[in-house]
Amino acid sequence: MTTVPIPGDWPTTEEQARAVQDGLRTRVVLDEPGPPPGTGHVTGVDVAYDDERDVVAAAAVVLDAESLDVVAEATAVGRVSFPYVPGLLAFRELPTVLAVLDALPCPPGLVVCDGYGLAHPRRFGLASHLGVLTGLPTIGVAKNPFTFTHDDPDAPRGSTAPLLAGDEEVGRALRTRDAVKPVFVSVGHRVSLDNACAHTLALTPAHRLPETTRRADALCRRALRGTAPA
DNA sequence: GCGACAG
DNA sequence: ATCTTGTCGC
């Protein structure tokens with residue numbers, strides 16, 4: 001496990017953070033389809049917090065996209081770098097997530113984030129931000145619709161409904177299990193929305209949430225507990 | 001102005 | 001995110 005310093009130039013105020021987003025948003029690449037589902041590596045990243053102790057733990061779990069077997073794992077711990085502010089989640093998660101990806105012994109391939117990419121007030125959520133900073137193809141799979149609206153997808157797994165910001169489709173509500181609450185998929189960087197949904201379905205053979213995020217969630221919680229006082 | 005709001 | 005027991009169902 002690695003320990004993470006907060007970058008010296010990390011934003012301190014919401015105003016600074018929004019300015020960073022506005023400066024980087026033009027770098028998002030939207031005209032690539034991304035890797036085909038079921039090939040290469042797919043990596044889940046997630047973060048757990050203990051705000052009382054000011055500790056954050058991140059985990060990355062690399063899966064073989066075809067078998068969904070675990071290929072590699074890494075964890076990293078650090079200090080909380082930003083408070084939770086809707087729309088500025090990336091500033092809370094990124095330092096530790098970048099470090100944990102660096103700590104992996106192999107290329108991550110497609111990165112699946114817990115949260116949003118383009119579906120964001122300034123079209124630059126966590127998944128897009130991570131993609132721009134690393135150059136990696138990324139998607140966001142969120143558990144809640146945030147501020148966006150959508151119709152309820154049909155009951156069968158695989159059904160979708162547009163995630164809307166006004167009349168703009170910023171993502172998709174995707175049913176990953178029959179008659180179970182959908183997940184909310186959006187493009188991060190260098191992946192099409194259709195492909196992002198296809199990946200999400202490939203990663204949900206048995207549960208509502210992708211195997212990538214389930215594995216990463218379990219691992220970062222374990223890592224956080226591992227930092228508890230002896 | 002007030003409420004809602006990824007994790 | 002996190003606080004939290006048992007319980008219903010595949």
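Note on naming: letters A, B, ... go to the chains in the order of the sequence lines (proteins, then strands), and numbering restarts at 1 for each one.
Of the possible polar contacts, none joining the A:R25 side chain to the A:D22 backbone as a donor-acceptor pair under 3.5 Å is found.
From the 5' end on, the contacts that DNA chain B makes with chain A at under 4.0 Å to a non-hydrogen atom open and close at B:dC5 to B:dG7.
If you check every strand for non-hydrogen atoms under 4.0 Å, A:Y49 touches sugar and phosphate atoms only. Among the protein residues, A:G140 comes within range of no part of the nucleic acid, since none of its heavy atoms lies under 4.0 Å from any strand. Base contact: A:L88 has a heavy atom under 4.0 Å from a base atom. A:A119 comes within 4.0 angstrom of nothing in the nucleic acid, heavy atoms only.
Residue A:R221 contributes atom CZ, which lies 12 Å from atom C1' of C:dT4 at whole-angstrom precision. Put simply, CZ on A:F91 is 21 Å from P on C:dA1, counting in whole angstrom units.
A donor-acceptor pair shorter than 3.5 Å cannot be found between the side chains of A:R27 and A:S128. Counting only N and O atoms by type, the side chains of A:Y84 and A:E93 include no donor and acceptor under 3.5 Å apart.
Using a 4.0 Å cut-off, no side-chain N or O of A:R177 falls inside it from OP1 or OP2 of C:dC10.
For A:W10 and A:F82, the ring centers are positioned 6.0 Å apart or more.
In A:E168, the CD atom is crowded: over 12 heavy atoms of neighbouring residues, nucleotides or ligands sit closer than 6.0 Å.
We find that A:D178 and A:R175 are not joined by a salt bridge, their nearest charged nitrogen and carboxylate oxygen being 4.0 Å or further apart.
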